[in-house]
Peer 1: 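Okay, here's the structure, questions in a sec.
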Amino acid sequence: MLILVTGGTGFIGSHTCVELLKAGHGVIILDNLYNSKKDTAARIEALGGGKLVFYEGDIRDRALLDSVFARHAIDAVIHFAGLKAVGESCAKPLEYYGVNIGGTVTLCEAMRDAGCKAMVFSSSATVYGSENFVPFREDMPTGKATNPYGSTKIIIEQLLRDLLASDPDWQICLLRYFNPVGAHPSGQLGEDPNGIPNNLMPIISEVALGRRDCLQVFGGDYDTPDGTGVRDYIHVVDLAQGHIRALENIVGAPGCAIYNLGTGKGLSVLELVRAFTEATGVEIPCKIVGRRPGDIAYCYADVSKAKRELDWEARLSAADMCADVWRWLLRQ
Ligand code: NAD
Ligand code: UD1
């Protein structure tokens, strides 16, 4: 199949493009390089063993989208492009609604007019909110967002369901990622956040590289075995492979399928820190501080649906995630 990948030079997109090429699919990337670099495209080609087409541009640019669809017979879109920093979304809600929701509307309009109606969308475990109980299952109602970023994911999921209701030909897949971490085992691709990182693994990385004195652990008094927050960390290569399974399953099968992509196992902040030290030999000094607003104690997936329907499950361990991040950091 020929796949348009929006945001394809980003963290998850780049790993997914490698897996698409390895599986023999054609890849066209559209990315405005807001949070990624153009030379990533060449590394994707080298690791995936194939050529791709790269367009530098914005998903809000309807004329550009029309020209891409006119030039290529695209079978499906994997839609990663968007803004993803929770804190920043509170400071810049208009940018988040504009890029994430406005961009998705423009992309869907261009797809509809080009007759391409298959989309895999990057959603997030954040849509479960704080009202549901772990393990989160796809048939649970979505919760209430605590920030504009989370709102955009809930709204886009609804938008895509409404689109299907208006035209039953659409083939939509909502993938709810848990906590993607790790890097390509070659050390050639990884996470390279612009600005100050907020997520745990990029912060552990900064401490490991000596750019920060210690990791501030947000809350030591949760009702969890060691008092720190529990999350479902998933290796980005496992996550990327989940996209290929999802794509191959939905194209030609109208409807809206929802899958959690996680490992199904929770790890506390201190357990992840321990795994990092065991995998790399690098000590991460920690200091327990107050809870971060909006955080919940537990977040992990029920992954049985993806296993049953996609024949997919995460295979890589926390040790793999940490060793691969470290290899990526040392090669930069
Ligand atoms: P990323 O920032 O590394 O990748 C996003 C890519 O989209 C970047 O290359 C960026 O340059 C591009 N982009 C941004 N705005 C664009 C625009 N207007 N037009 C074209 N390209 C644009 O992020 P990621 O971690 O790879 O996340 C990919 C998707 O997965 C996002 O939608 C994100 O919300 C979602 N997601 C990520 C996580 C996570 O923890 N990384 C968790 C859940 C969901
Ligand atoms: C966060 C976002 C979520 C988003 C996800 C992926 C919040 C409230 N939630 O989820 O909406 O989908 O990232 O982008 O921001 N931690 C520390 N110290 C740190 C950083 C994190 O102790 O410096 C802890 C957190 O309290 C949490 C765990 O590490 O228990 C994971 O945090 P993080 O990587 O930010 O992911 P989430 O909170 O799961």
Side-chain angles (χ1 to χ4, degrees), residues 5-16 29-38 40 55-61 64-65 78-87 89-90 95-96 98-100 102-104 106-107 121-130 145-147 149-153 156 175-181 190-194 196-204 206-207 212 214-220 222 224 228-234 236 239-240 243 261 266-270 272-273 286-300:
V5 184
T6 72
T9 40
F11 173 46
I12 305 169
S14 58
H15 290 83
T16 303
I29 292 178
L30 173 67
D31 198 302
N32 67 357
L33 303 180
Y34 174 80
N35 197 30
S36 56
K37 298 185 181 72
K38 195 172 180 180
T40 302
Y55 289 97
E56 181 175 342
D58 201 293
I59 50 166
R60 292 166 294 177
D61 182 344
L64 173 64
L65 287 170
I78 307 184
H79 179 29
F80 293 105
L83 304 178
K84 64 163 185 176
V86 170
S89 78
C90 300
E95 280 84 348
Y96 275 69
V99 172
N100 292 5
T104 302
T106 305
L107 175 63
F121 173 65
S122 298
S123 190
S124 164
T126 194
V127 303
Y128 289 109
S130 53
T146 54
N147 55 72
Y149 165 76
S151 299
T152 68
K153 294 297 178 192
I156 295 168
L175 295 181
R176 294 176 176 164
Y177 311 154
F178 280 69
N179 289 62
V181 295
E191 192 169 13
D192 192 6
N194 272 347
I196 303 165
N198 295 300
N199 295 119
L200 181 59
M201 188 58 101
I203 292 176
I204 291 178
E206 292 209 326
V207 178
R212 280 179 196 239
C214 73
L215 167 72
Q216 295 197 322
V217 177
F218 297 142
Y222 285 107
T224 60
T228 69
V230 169
R231 298 290 183 272
D232 185 342
Y233 298 95
I234 173 168
V236 65
L239 189 68
H243 287 73
L261 296 185
L267 219 58
S268 76
V269 174
L270 296 180
L272 186 65
V273 167
C286 293
K287 184 174 173 223
I288 308 261
V289 298
R291 294 181 178 191
R292 181 172 64 178
D295 272 356
I296 52 178
Y298 282 101
C299 178
Y300 58 89

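Owing to the predicted nature of the structure, the values given are computational and were not obtained by experimental measurement. Numbering of ligands and ligand atoms starts at 1, following listing order.
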Peer 1: Side chain, backbone, both or neither: which applies to N100 and ligand 1 if a contact is any heavy-atom pair less than 4.0 Å apart?
Peer 2: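 No part of N100 comes within reach of ligand 1.
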Peer 1: Regarding ligand 1, does S123 bring an N or O atom to under 3.5 Å of one of the ligand's N or O atoms?
Peer 2: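 It does not: no N or O of S123 is found under 3.5 Å from an N or O of ligand 1.
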Peer 1: Short list, please: which atoms of ligand 1 are under 4.0 Å from a heavy atom of S36?
Peer 2: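 Answer, ordered by atom number: 8 (C), 9 (O), 11 (O).
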Peer 1: Would you say F80 and ligand 1 have an N/O pair spaced under 3.5 Å apart?
Peer 2: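 The answer is yes, given that F80 and ligand 1 share an N or O pair closer than 3.5 Å.
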Peer 1: Would you mind telling me if ligand 2 is within reach of the side chain of N198, the backbone, both or neither, using heavy atoms under 4.0 Å?
Peer 2: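 Under 4.0 Å from ligand 2, N198 contributes backbone atoms alone.
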Peer 1: Please work out which of K287, R231, M201 has its closest non-hydrogen atom nearest to atom 27 (C) of ligand 2.
Peer 2: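 Result: the heavy atom closest to atom 27 (C) of ligand 2 is in R231.
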Peer 1: Taking non-hydrogen atoms only, is V269 closer than 4.0 angstrom to ligand 2 via side chain, backbone, both or neither?
Peer 2: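 For V269, only side-chain atoms sit under 4.0 Å from ligand 2.
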Peer 1: Consider ligand 1: state whether an atom of it lies below 4.0 angstrom from any non-hydrogen atom of P180.
Peer 2: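 In this structure, P180 qualifies as a contact of ligand 1 - some heavy atom is under 4.0 Å.
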Peer 1: Please report whether ligand 1 has a polar contact with N199, defined as an N or O pair separated by less than 3.5 Å (distance criterion only).
Peer 2: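 No: no nitrogen or oxygen of N199 is under 3.5 Å from one in ligand 1.
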Peer 1: May I ask you to check whether I59 has an N/O atom sitting below 3.5 Å from an N/O atom of ligand 1?
Peer 2: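 Yes - when backbone and side-chain N and O of I59 are compared with those of ligand 1, one distance drops under 3.5 Å.
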Peer 1: For ligand 1, indicate whether the residue K153 contacts it via side chain, backbone, both or neither (heavy-atom separation under 4.0 Å).
Peer 2: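 It is the side chain that gets close, since no backbone atom is under 4.0 Å.
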Peer 1: Evaluating non-hydrogen atoms only, which member of G150, G82, G57 is closest to atom 5 (C) of ligand 1?
Peer 2: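 Closest candidate by heavy-atom distance is G82.
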Peer 1: When you measure from atom 6 (C) of ligand 2 to every protein heavy atom, which one gives the shortest distance, and what is it?
Peer 2: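 I find the closest protein heavy atom is N199 ND2, 4.0 Å.
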Peer 1: Under 3.5 Å between any N/O of F178 and any N/O of ligand 1: does that happen in this structure?
Peer 2: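 Among all N and O atoms of F178, none is under 3.5 Å from an N or O of ligand 1.
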Peer 1: Which residue supplies the protein heavy atom nearest to atom 11 (O) of ligand 1, what is that atom called, and how far is it?
Peer 2: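 Here the nearest protein heavy atom works out to D31 OD1, 2.7 Å.
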Peer 1: Compare T146, V86, N179, V207 and give the one whose heavy atom is closest to atom 10 (O) of ligand 2.
Peer 2: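 The option holding the nearest heavy atom is N179.
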Peer 1: Can you tell me the protein heavy atom closest to atom 4 (O) of ligand 1 and the distance?
Peer 2: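 The protein heavy atom lying closest is G10 CA, 3.5 Å.
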Peer 1: Just heavy atoms, cut-off under 4.0 Å: does Y233 contact ligand 2 by side chain, backbone, both, or neither?
Peer 2: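 It is the side chain that gets close, since no backbone atom is under 4.0 Å.
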Peer 1: What atoms of ligand 2 come closer than 4.0 angstrom to any heavy atom of Q216?
Peer 2: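 Going through ligand 2 atom by atom, the ones under 4.0 Å from Q216 are 17 (C), 18 (N), 19 (C), 22 (O), 23 (O).
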Peer 1: Test salt bridge (charged side-chain N to carboxylate O under 4.0 Å, His left out) on K84 and E191; report intermediate values, then the result.
Peer 2: CA-CA 13 Å; K84 64 163 185 176; E191 192 169 13; 3.6 Å; yes
Peer 1: Check whether any heavy atom of Y149 sits under 4.0 Å from an atom of ligand 2.
Peer 2: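 Y149: in contact with ligand 2 (<4.0 Å).
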Peer 1: Can you confirm, on distance only, whether ligand 1 has an N/O atom lying under 3.5 Å from any N/O atom belonging to F11?
Peer 2: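 N/O-N/O distance under 3.5 Å: yes.
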Peer 1: Touching ligand 2 at all, S124? Heavy atoms, strictly under 4.0 Å?
Peer 2: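 For ligand 2, residue contact (heavy atoms, under 4.0 Å) with S124 is present.
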Peer 1: Give yes or no for whether the N/O distance cutoff of 3.5 Å, strictly under, is met between N32 and ligand 1.
Peer 2: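 In this structure, N32 places an N or O atom under 3.5 Å from an N or O of ligand 1.
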Peer 1: Identify, by atom number and element, the atoms of ligand 1 in contact range of Y34, meaning under 4.0 Å from any of its heavy atoms.
Peer 2: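 Within the 4.0 Å cut-off of Y34, ligand 1 contributes 11 (O).
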Peer 1: So which protein heavy atom does atom 11 (O) of ligand 2 come closest to, and at what separation?
Peer 2: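 For this ligand atom, the closest protein heavy atom is T126 OG1, 3.3 Å.
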Peer 1: If you count the atoms of ligand 1 from 1 in the order shown, which ones are under 4.0 Å from a heavy atom of V99?
Peer 2: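 Under 4.0 Å from V99, ligand 1 has these atoms: 15 (N), 18 (N).
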